[in-house]
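Sequence lines set the chain letters: A, B, ... in the order given, protein chains first and strands last, and positions in each chain run from 1.
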Amino acid sequence: MIRLIGKKLGMTSLFDAQGRYIPVTLIEIGPCPIVQVKTKERDGYRAVQIAWKGTKTKKDMSKPLSGHISKAGLEAVTLLREFRLDEHQEDIEPGKVFTVADLNELRTVDVSGTSKGRGFTGGMKRHHFRGGPASHGTEKRHRTNGSLMSGPRLTHIFKGKRMSGHMGNARATILNLAIAQIDKERNLLAVKGGIPGSAGCLVEVRQS
Amino acid sequence: MKKQAVHDFEKRQATRVWPEFSPGDTVVVSYRIAEGETERVQTFKGTVIGRQGEGMGRTFTVRKMTQGVGVERTYPLQSPLIADIKIEKRGMVRRAKLYYLRHRAGRSTRITERLSRHGVELESGEAQPAAASADPAAP
């Protein structure tokens with residue numbers, strides 16, 4: 001299980017050898033240094049904590065965080081992420097730095113991130129409701145939910161009833177994105193298709 | 001706005017370099033077509049009536065008349081299937097999209113040939129210097 005932190009750069013496209021046009025998302029990957037290796041004996045579970053350096057400086061670090069990352073020889077980090085190691089997986093050296101080259105032998109990855117915030121949205125956008133008729137005398141009911149309940153059940157509205165409300169700005173994962181290209185020199189990964197969030201968002205890239 | 005990093009990536013990907021051409025020019029496009037196991041090259045000669053998009057998605061449309069029927073083909077400029085683009089004739093036109101040609105037939109579709117641009121004599125089929133480029137976005 002390999003997990004990396006990356007930054008979504010935006011979308012573009014490529015041509016494959018057969019001349020097919022492939023939409024791709026560019027992700028700047030790592031390099032992600034290991035901050036801490038958690039062991040069964042000390043922490044109760046095995047995991048590796050990795051960092052995205054990003055743009056934050058030493059001034060932005062709190063003292064406890066500064067102390068934590070200084071053990072790995074780092075001055076400032078923007079994001080920390082942890083991933084578990086399986087029972088049978090070998091230990092990972094604390095000094096290792098994960099790069100896009102670690103994805104080299106993979107065909108597909110999963111990408112998680114925070115989706116674009118849509119604010120308070122209606123049922124049509126949020127749950128693909130059909131709304132009301134556009135004409136035939138309809139007044140002010142073009143994009144509404146319609147009835148919430150009817151018949152003998154009509155005592156109260158069930159919890160979880162799909163209505164209008166906040167949409168987006170939540171963790172979203174896209175599974176099995178094909179790797180289109182890897183550029184080790186520039187730490188770039190191109191995956192086929194879209195990923196959550198806007199350009200500039202930090203995302204997690206995992207082996208799928 | 002497109003990020004600089006994406007822009008740079010596209011620049012590295014855009015490996016197909018063709019002689020500079022613009023709407024109004026008469027070109028011959030050689031396009032590779034796979035037929036089962038084998039491959040053949042199909043040529044298509046016509047007038048460039050427009051260029052669309054940018055970066056890797058840049059395309060151009062070529063129009064010709066075949067047995068009285070107008071045929072248009074749109075090619076991606078960066079497609080690896082394009083074997084060659086040859087410029088036969090440079091055309092003098094005053095707009096970027098020559099869609100008006102669709103409503104015309106016969107002699108009225110003629111386009112005046114352009115022999116020079118900015119005082120520089122043009123030679124068909126050869127890459128033009130960057131200063132004479134009509135399209136700075138083209139790779």
Residue part contacting chain B, namely of [X], when any heavy atom lies under 4.5 Å:
X	value
A:Leu9	both
A:Asp16	backbone
A:Gln181	side chain
A:Arg20	neither

Results of ring-ring contact (aromatic ring centres under 6.0 Å, His included) for B:Tyr31 - residues two or more places apart only: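 Only B:Tyr75 meet the ring-ring contact (aromatic ring centres under 6.0 Å, His included) criterion with B:Tyr31.
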
In this structure, are over 12 heavy atoms from other groups packed under 6.0 Å from [X] atom [atom1]?
X	atom1	value
B:Lys97	NZ	yes
A:Lys161	NZ	yes
B:Lys64	NZ	yes
A:Lys38	NZ	yes
A:Arg143	CZ	no
B:Arg94	CZ	no

Toward chain B: residues of residues 107-136 of chain A with heavy atoms under 4.5 Å: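 Interface residues of residues 107-136 of chain A: none, nothing closer than 4.5 Å to chain B.
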
Between NZ on residue B:Lys3 and CG on residue A:Leu26, distance to nearest 0.5 Å: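 One gets 11.0 Å once the value is rounded to the nearest 0.5 Å.
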
Distance (rounded to the nearest 0.5 Å) between A:Leu14 CG and B:Gln13 CD: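 The CD atom of B:Gln13 is 5.0 Å from CG of A:Leu14, to the nearest 0.5 Å.
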
Shortest non-hydrogen separation from B:Gly57 to A:Ser13 and the atoms involved: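 Between these two residues, the closest heavy atoms are N-OG, 4.2 Å.
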
Nearest heavy-atom neighbours spanning B:Pro80 and A:Gly19: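 It is CG-CA, 3.7 Å.
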
Which atoms of B:Arg12 approach chain A - backbone, side chain, both or neither, heavy atom under 4.5 Å: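 Interface part for B:Arg12: side chain.
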
Side chain proximity check, A:Phe15 to B:Thr15, heavy atoms < 4.5 angstrom: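 Answer no - side chains too far apart.
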
